[in-house]
Amino acid sequence: MPRLTVRDFDLRSTVECGQLFTYARLGEWYYITGQQKLFAIRQREREVEYRGVDEGFIRRFFRLDDDLVDIRRSLKKDPIVARAFSESMGLRLVRLELWEAIVGFICSQACNIPRIRTVLKAIAEAWGGRVELDGFVMYLLPRPQALPGEAKLREAGAGFRARYLKQAAERVDDALLDRLRRMDYHSARRTLLSIPGVGPKIADCVCLFSLGFLAAFPIDTWIRKMMRDFYFHGSNATDQRIRDFGQAHFGEYAGYAQQYLYAFYRRCPLERWNAAAADGRMHFPSGRNAER
DNA sequence: AGACAGGGGAGTG
DNA sequence: CACTCCCCTGTC
């Protein structure tokens with residue numbers, strides 16, 4: 001059984017923090033489909049064991065070569081992000097396959113993680129390739145040309161996203177995927193936005209979780225709320241303003257900042273921050289978050 | 001019962 | 001640009 005010693009890596013939070021939906025958990029093992037493969041992985045302290053893929057795949061998929069200490073240091077000037085890192089150190093971004101990411105995040109719109117997983121599982125089981133590892137069977141997400149029509153996708157539970165999925169599958173082919181993989185952040189984002197069902201949020205998710213543009217700063221309802229609370233004095237700043245600020249303020253690792261803030265804010269929203277601050281257990285930057 | 005959710009699109013001012 | 005409404009479906 002291949003093993004790998006890791007540092008600054010937490011498998012559970014990495015898998016379950018809303019960037020990866022195609023997995024099954026069996027005891028301490030995660031069975032994950034990604035990059036058109038099935039693999040299994042578990043973590044015990046600083047050691048991970050895995051099956052189904054090689055070490056290079058694991059390192060690449062979980063971005064184990066990202067220097068989290070360095071990333072943390074470069075974001076440390078922001079006390080809120082610093083706090084989020086100290087709570088969740090080891091959370092890493094993943095590197096999804098491009099089309100799988102597009103499908104996954106189109107399905108993610110206006111629904112929660114359990115439901116995203118249910119829909120993707122249904123689509124994979126109906127039209128994706130069967131894969132097996134040690135007797136455990138899963139199904140890969142279908143390639144664009146293997147995706148069925150809107151009506152069938154609707155039956156699978158995709159709802160109004162069915163039309164987007166089908167239109168996206170008609171727009172996307174291997175040539176486009178290859179071109180996207182060679183583009184810079186702005187070109188890739190602009191091109192992704194031209195795909196039906198892909199708006200600003202989904203485009204940035206794909207840029208961050210698949211294409212590896214760590215400066216991408218996707219804004220969903222949690223990040224929107226969190227950014228308004230902590231960086232805009234609770235005002236109703238538009239997503240455009242939040243994004244501009246986020247990228248300017250957090251810089252090249254804005255995506256990591258976003259991921260840690262997201263993970264932490266979901267566990268610990270503003271009310272609890274304030275309670276902790278009132279106890280003197282937390283320090284806030286002056287002028288921010290004074291009351292509310 | 002009726003609103004709302006981990007968005008996008010189309011339409012309007 | 002910024003704002004509104006609708007879209008599937010489950011849940012409170």
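To find a chain, count down the sequence lines: A is the first, B the second, and so on, and within it residues start at 1. None of the values given here were measured: they were computed from a predicted structure.
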Which whole-number value in Å describes the distance from A:D244 CG to C:dC1 P?
11 Å
Nearest whole Å is fine: how far is B:dA5 P from A:N112 CG?
12 Å
Kindly indicate whether the side chain of A:R163 and the base of C:dC7 share any N or O donor-acceptor pair separated by less than 3.5 Å?
no
Residue-level proximity of residues 138-160 of chain A to DNA chain C when a heavy atom falls under 4.0 Å
A:R154, A:G159, A:F160
Using 30° and 60° as the class limits, which term best fits the ring planes of A:Y256 and A:Y260: parallel, tilted or perpendicular?
tilted
Between CD1 of A:I219 and CD1 of A:I242, what distance do you get to the nearest 0.5 Å?
5.0 Å
Fit a plane to each ring of A:F105 and A:F209, take the angle between them on a 0 to 90° scale, and name the class: parallel (under 30°), tilted (30 to 60°) or perpendicular (over 60°).
parallel
When the nearest nucleotide of DNA chain B is assigned to A:D220 and to A:I195 on a heavy-atom basis, which residue is associated with the more 5' position?
A:D220
Would you kindly give the CD-to-P distance between A:Q240 and C:dC1, to the nearest whole Å?
8 Å
Counterpart base for C:dC8, defined by Watson-Crick or G-U wobble contacts under 3.5 Å
none
Send over the distance from A:Q109 CD to B:dA10 P, rounded to a whole Å.
12 Å
What is the distance, to the nearest angstrom, from the CD1 atom on A:I219 to the P atom on C:dA2?
12 Å
Rounded off to whole Å, could you give me the OH-to-P distance for the A:Y164 and B:dG7 pair?
12 Å
Counting heavy atoms not belonging to A:R117, are there more than 12 under 6.0 Å from its CZ?
yes
Using ring-ring contact (aromatic ring centres under 6.0 Å, His included), reason through A:Y50 and A:F57 one step at a time and then give a plain yes or no.
CA-CA 10 Å; A:Y50 56 94; A:F57 181 98; 9.4 Å; no
Nearest-angstrom distance from the residue atom CG of A:D239 to C1' of B:dG7:
10 Å
Sugar-phosphate only, base, or nothing, as touched by A:I202 at under 4.0 Å among non-hydrogen atoms:
sugar-phosphate
Return the value, rounded to whole Å, for the distance between atom CH2 of A:W222 and atom P of B:dG7.
11 Å
Taking the six-membered ring for Trp, are A:F250 and A:Y231 parallel (under 30°), tilted (30 to 60°) or perpendicular (over 60°)?
perpendicular
If you measure from the P atom in B:dA3 to the same atom in C:dT4, how many Å do you get, rounded?
16 Å
How is A:G18 classified with respect to the nucleic acid when contacts are heavy atoms under 4.0 Å: base, sugar-phosphate, or nothing?
base
Among B:dG7, C:dC8, C:dC3, the one nearest any side-chain atom of A:T238 is C:dC3
Separation of the P atoms in B:dA10 and C:dC8, to the nearest angstrom
14 Å
Centroid separation A:Y30 to A:F39 less than 6.0 Å:
no
